[in-house]
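Each chain gets a letter, A, B and so on, in the order its sequence line appears, and its residues count up from 1. Please read these numbers as outputs of a predicted model, since none were measured by experiment.
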There are 2 protein chains.
Amino acid sequence: MVTLAEVAQHAGVSASTVSYVLSGKRSISATTRQRVERSIRELGYHPNAGARALASSRSNIIALMIPLRTDMYVPVMMEIAIAVATCARTHGYDVLLLTGEEGPDAVRRVAGSGLADGMILMDVELDDERLPLLRATDQPSVLIGLPADTTGLTCVDLDFRATGALCVEHLAKQGHQDIAVIGEAPAVYERHTGFAERTLDGLRSRSRELGVRLLHRPCDGGYDAMAVTLARILDERPGTSGIIVQNESAVEPLLALLRQQGRAVPEDMSVVAICPDQVATQASVRLTSVAIPAQEMGRHAVEHLVAKLEGRGRDEVVLIAPELTVRTSTGPAPSRS
Amino acid sequence: MVTLAEVAQHAGVSASTVSYVLSGKRSISATTRQRVERSIRELGYHPNAGARALASSRSNIIALMIPLRTDMYVPVMMEIAIAVATCARTHGYDVLLLTGEEGPDAVRRVAGSGLADGMILMDVELDDERLPLLRATDQPSVLIGLPADTTGLTCVDLDFRATGALCVEHLAKQGHQDIAVIGEAPAVYERHTGFAERTLDGLRSRSRELGVRLLHRPCDGGYDAMAVTLARILDERPGTSGIIVQNESAVEPLLALLRQQGRAVPEDMSVVAICPDQVATQASVRLTSVAIPAQEMGRHAVEHLVAKLEGRGRDEVVLIAPELTVRTSTGPAPSRS
DNA sequence: ATTCGGTATCGAAGCGCTTCGACAACCTAT
DNA sequence: ATAGGTTGTCGAAGCGCTTCGATACCGAAT
């Protein structure tokens, strides 16, 4: 293994000079710099991460804490994770992957050991048990998701309240009076996951304002659960002409069931999905949808965290404005006959 | 931040004693151990990761390299990643997430910097460009997937050849003579991804042995691509009575299309999927399937890597035997009329 | 009583890097 | 010519930990 000292010797300078070439923290003459850089290349030198971390007390690692929940839509998580990892690299950071398994203690462990310089938490609950620990250690952090109390925290999320409102608006504008919402799995609400509740909040208040009826039902993923849920909804509100789905793994089952029952989309039933664009465009009907901007969320999270680590950047809540893309699954409400 | 020295002082012992209590590398009297452990707890001591890595030249970190490909079925990747992270923790390792973005150089960077003690590579191609680098650095590693040349490498994978064979066997046993295979996206084959080719190999050789006709068509995910592919298949081989799908995002579209065309599953058409169990059980028909054991793969990979890091463990190729679960999407071939 | 093998502990060296203060060497303004 | 300010480089002191002798003590065997 090549060390700084060997590079220094090879280039005929002192170790500190090499270090300064690497970090750029002091001015170095062009000739020296070139000699050093040449030696680095020739010897194939890579700074030792541990030594660096010890000496500088910065690890250049960001911890990303992903929960293990199986009732969450996984691809979005994955996309965020990849975006975080990729974006972090462009800022010179690597990403450490923590699963929920270890529980809140992971926060303490990582903060205490100096393993990571900061952390990003995903799938934050309204009253997340990791937050007290996070506030206790003054570990720089960014949440993806919104807890109930955001004081002293930096959070990045899609504006789910506005998302809900947007969906209702779109349907109401087309004359739909009876709207059903097929939500996330019941477990998601029981856990008080912020995004689910905020969406619901947006849906409800906007529909109240616009004077349309709204029926919300949680629903597990998969075909069977969807069949039961849909039957209940149509039984309770036969006049339903618009459906908003927030559970991605319920999208295709829903479309299949509607087709099977002879309800045409969008002629008999309009469908709006809250899901990644890929799902919306690959479904059996091109779905009008509000996209979940996973990449953007990951990128924002990293950038805010890096800003904090560099001393810039203050606590703030960043809500990404939702965008509704009209595709072919929504249309005017059928005239009441 | 609490240091080893502070703990030592608090417990009235030397720093090295505390270190030995922590590592267990030398015998320590019960009384001393307890005193030290108490101090550790009272002071809330966490060993500093960087210092540890520097002194011991082991980081207790495993790098996990996930490619960025969007044409791959992401949930499986995610599941493996989570399994790796979780399993690694039980062995005292953390996981560093590397994306394909950085390219093969990531191998050099991580190996050179001592950031990780070993690495796990996912989505290995037959002739993967990371392998030469991997062999050059003698970084301990485990591949998930099988390259063309496995000498000197440890690999973990589902036995896709056997998987293909198993699918054909199951259908042939039920009297199906004309079988269609809906494969992964064309890009996957162009890239010479091991698992896709090996599956195909198993499918072909077994169908030759059993004397059944086999038609293979790659297919992108989504409804539209599936519609085109299915139409072509049925056009070319109208007698097709069994379908094997290897692209998870094609599963639900396929079922929707069959339903739409009035082909009952399994009466008119048997369908076997190669996919995670969750997909098979949540689809609109309970699919007979060969599961992709993501968890098991992740676990195996970690365990082999840890074995290598501890000096046990030699190079070997671990193929996990496929298991076919019969559900309700397959039945006897319709009698030829 | 003396020696021997264990067991339990300590001190010190050093892992590879960053960073601070010191110091030449040089340039400018007086 | 001299003081003052830059600029570029070096040496040395750690960062917090592991690990290798060395040492001191104990009971068992001679």
Under the side-chain hydrogen bond (donor to acceptor under 3.5 Å, both in side chains) test, which residues partner B:Thr17, sequence neighbours left out? B:Ser14

For the pair B:Asp128 and B:Arg191, find out whether any cationic side-chain nitrogen is under 4.0 Å from an anionic carboxylate oxygen. no

Counting heavy atoms not belonging to A:Gln9, are there more than 12 under 6.0 Å from its CD? no

So which protein N/O to nucleotides 22-28 of chain C N/O distances come out below 3.5 Å?
none

So, using side chain to side chain contact (heavy atoms under 4.5 Å, CB included) as the criterion, who are the partners of B:Arg312 when residues are at least two apart? B:Ala307, B:Glu310

Range on DNA chain D touched by chain A, heavy atoms, distance below 4.0 Å: D:dT7 to D:dG16

Any residue meeting side-chain hydrogen bond (donor to acceptor under 3.5 Å, both in side chains) with A:Asn60, in chain and number order, not counting sequence neighbours: none

Contacts of B:Pro104 meeting side chain to side chain contact (heavy atoms under 4.5 Å, CB included) (sequence neighbours excluded), chain-then-number -> B:Glu129, B:Arg130, B:Leu133

Looking at every strand, decide which applies to B:Leu54 at a 4.0 Å heavy-atom threshold: base, sugar-phosphate, or nothing. base

Do any of residues 33-52 of chain B sit with a heavy atom less than 4.0 Å from DNA chain C, and if so which? none

Sorted by number, the residues of residues 9-22 of chain A with heavy-atom contact under 4.0 Å to DNA chain C: A:Ser16, A:Ser19, A:Tyr20

Crowded around B:Asp127 CG? As in, over 12 foreign heavy atoms under 6.0 Å? no

B:Ile28 near the nucleic acid: base, sugar-phosphate alone, or nothing, with a heavy-atom cut-off under 4.0 Å? sugar-phosphate

Donor-acceptor contact present, side-chain B:Thr90 to main-chain B:Cys87, <3.5 Å: yes

Between B:Ala55 and B:Ala30, name the one whose nearest nucleotide on DNA chain C is closer to the 5' end. B:Ala30

Basic-acidic side-chain contact under 4.0 Å: A:Arg198, A:Asp157: yes

Look at B:Arg109 together with B:Glu102 and state whether they make a salt bridge at an N to O cut-off of under 4.0 Å. yes

Partner residues of A:Arg41 under the side-chain hydrogen bond (donor to acceptor under 3.5 Å, both in side chains) criterion, sequence neighbours left out: none

Partners of B:Arg108 by side-chain hydrogen bond (donor to acceptor under 3.5 Å, both in side chains), sequence neighbours excluded? B:Asp105

Ring pair (Phe, Tyr, Trp, His ring centres under 6.0 Å) against A:Phe160, all qualifying residues, sequence neighbours excluded: A:Phe195

Just by distance, with hydrogens left out, do B:Arg58 and B:Ser56 show a side-chain donor and acceptor under 3.5 Å apart? no

Just checking B:Arg38: does its CZ atom have more than 12 heavy atoms from other residues, nucleotides or ligands closer to it than 6.0 angstrom? no

Inter-end axis angle, the helix from C:dA1-D:dT30 to C:dT30-D:dA1, with every axis fitted to five base pairs (rounded, 10 degrees): 50°

